[in-house]
Amino acid sequence: MEQIKAWIYCRINPNTSRSLLYFQNDQLEEIAEKCNMEVIGHTHVISDGKYLNSYEMKTLITEIKQRNFDVLLINSPMRISIYPDIFEEFELLCRLYNVRVLSYIDYINS
């Protein structure tokens, strides 16, 4: 059986302590390890999280479209975008390319 490939995406606001970026990453690494996922990439972003037009997000979307991984691990939907409709569009894109979005909140509630 092939191991599930995961990508970790972390984002903080510009005025937030960078240690929170690493805290998010560590939580998501722990989930990947517990679920026996192979982490093949990380994206760490410092932005206001409004839109999907940053270089880092465009790179992530390219990885999704190339189907390089199976699961995107995030802390919460607001790490992708602070606007729910933009997150929903992003999630639809992921589904189109068979990439599951798993948040830390979803994981601890399951």
Side-chain angles (χ1 to χ4, degrees):
M1 181 175 193
E2 196 171 316
Q3 190 173 27
I4 295 171
K5 294 178 183 172
W7 193 282
I8 291 178
Y9 181 88
C10 305
R11 183 189 65 77
I12 59 169
N13 292 317
N15 298 324
T16 304
S17 169
R18 293 189 196 285
S19 64
L20 290 176
L21 198 62
Y22 304 113
F23 178 74
Q24 284 180 49
N25 188 79
D26 292 346
Q27 280 187 323
L28 299 173
E29 286 272 359
E30 189 176 308
I31 290 171
E33 186 178 322
K34 287 180 180 178
C35 295
N36 198 30
M37 296 178 188
E38 174 190 5
V39 176
I40 64 157
H42 295 83
T43 300
H44 293 166
V45 179
I46 299 171
S47 79
D48 58 10
K50 291 182 179 178
Y51 304 107
L52 306 179
N53 58 357
S54 69
Y55 171 78
E56 295 87 358
M57 184 55 74
K58 288 179 181 180
T59 301
L60 177 62
I61 289 171
T62 298
E63 294 289 332
I64 291 167
K65 288 180 177 180
Q66 292 176 350
R67 297 183 174 150
N68 290 335
F69 59 94
D70 308 300
V71 176
L72 178 65
L73 297 171
I74 60 174
N75 189 269
S76 75
M78 290 191 68
R79 297 300 98 202
I80 298 294
S81 176
I82 61 172
Y83 300 126
D85 59 327
I86 291 180
F87 172 74
E88 188 176 309
E89 286 180 22
F90 176 79
E91 193 174 35
L92 287 171
L93 175 80
C94 289
R95 275 193 249 152
L96 179 65
Y97 290 97
N98 296 315
V99 173
R100 181 172 175 223
V101 178
L102 178 63
S103 72
Y104 178 77
I105 295 164
D106 293 337
Y107 175 77
I108 61 171
N109 289 333
S110 64

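Values below: every heavy atom of this structure, side chains too, minus hydrogens, waters and symmetry copies.
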**Student:** Please evaluate residues Lys5 and Asn68 with respect to the criterion side chain to side chain contact (heavy atoms under 4.5 Å, CB included), reporting the C-alpha separation (whole Å), side-chain torsions for both, the decisive distance (0.1 Å), and the verdict.
**Tutor:** CA-CA 8 Å; Lys5 294 178 183 172; Asn68 290 335; over 6 Å; no
**Student:** So, does Gln3 use its side chain to make a donor-acceptor pair with the main chain of Asn36 at under 3.5 Å?
**Tutor:** yes
**Student:** So, do Arg100 and Leu72 sit near enough that their side-chain heavy atoms are less than 4.5 Å apart?
**Tutor:** no
**Student:** To the nearest 0.5 angstrom, please state how far the CD1 atom of Ile61 sits from the SG atom of Cys94.
**Tutor:** 8.0 Å
**Student:** Take Asn25 and His44 through the side chain to side chain contact (heavy atoms under 4.5 Å, CB included) test and state the conclusion after the steps.
**Tutor:** CA-CA 8 Å; Asn25 188 79; His44 293 166; 3.1 Å; yes
**Student:** Minimum heavy-atom separation for Ser103 to Ser76, with atom names?
**Tutor:** CB-CA, 4.1 Å
**Student:** Please report the shortest heavy-atom distance between Lys58 and Asn53, naming the atom on each side.
**Tutor:** CE-O, 3.4 Å
**Student:** Around atom CD of Glu33, are there more than 12 heavy atoms from other residues, nucleotides or ligands closer than 6.0 Å?
**Tutor:** no
**Student:** If hydrophobic clusters are built from ILVMFWY residues whose side chains come within less than 4.5 Å, do Val71 and Tyr97 share one?
**Tutor:** no
**Student:** Check whether Leu60 and Tyr83 end up in the same hydrophobic cluster, where Ile, Leu, Val, Met, Phe, Trp and Tyr are linked by side-chain heavy atoms less than 4.5 Å apart.
**Tutor:** yes
**Student:** CE/Met57 to OG1/Thr62 distance, rounded to the nearest 0.5 angstrom?
**Tutor:** 11.5 Å
**Student:** Do Ile74 and Phe90 touch side chain to side chain, with heavy atoms closer than 4.5 Å?
**Tutor:** no
**Student:** Is there a side-chain contact between Leu93 and Glu91 (heavy atoms, below 4.5 Å)?
**Tutor:** no
**Student:** Looking only at non-hydrogen atoms, find the nearest pair between Tyr107 and Cys35 and report the distance.
**Tutor:** CE1-SG, 3.7 Å
**Student:** With a 4.5 Å cut-off on side-chain heavy-atom distances among I, L, V, M, F, W and Y, is there a chain of contacts connecting Leu20 to Ile31?
**Tutor:** no
**Student:** Evaluate the criterion side chain to side chain contact (heavy atoms under 4.5 Å, CB included) for residue pair Ile80 and Val101; output intermediate values, then yes/no.
**Tutor:** CA-CA 11 Å; Ile80 298 294; Val101 178; 5.8 Å; no
**Student:** Side chain to side chain contact (heavy atoms under 4.5 Å, CB included), that's the test. Do Val99 and Trp7 meet it? Break it down for me.
**Tutor:** CA-CA 10 Å; Val99 173; Trp7 193 282; over 6 Å; no
**Student:** Checking the side chain of Ser81 only, and the main-chain atoms of Lys50 only, is there a donor and an acceptor separated by less than 3.5 Å?
**Tutor:** yes
**Student:** Working to the nearest 0.5 angstrom, can you tell me the gap between Glu56 CD and Cys10 SG?
**Tutor:** 12.5 Å
**Student:** So which atom in Met37 and which in Leu102 form the shortest heavy-atom distance, rounded to 0.1 Å?
**Tutor:** CE-CD2, 4.3 Å
**Student:** Answer whether the closest heavy-atom distance between the side chains of Leu73 and Tyr9 falls below 4.5 Å.
**Tutor:** no
**Student:** Could you grab the distance from atom CZ of Arg79 to atom CG of Asn13, nearest 0.5 Å is fine?
**Tutor:** 6.0 Å
**Student:** Answer with yes or no whether the hydrophobic clustering places Ile8 together with Tyr22; edges join I, L, V, M, F, W, Y residues whose side-chain heavy atoms lie under 4.5 Å apart.
**Tutor:** no
**Student:** Rounded to the nearest 0.5 Å, how far apart are CG of Asp48 and CD1 of Ile12?
**Tutor:** 12.5 Å
**Student:** Are Leu96 and Phe87 joined in one hydrophobic group, where the rule is that I, L, V, M, F, W and Y side chains link up if heavy atoms are under 4.5 Å apart?
**Tutor:** yes
**Student:** Sequence neighbours excluded, which residues qualify as side chain to side chain contact (heavy atoms under 4.5 Å, CB included) partners of Ser47?
**Tutor:** Arg11, Val45
**Student:** What's the separation between atom CG in Leu28 and atom OH in Tyr104, rounded to the nearest 0.5 Å?
**Tutor:** 9.0 Å
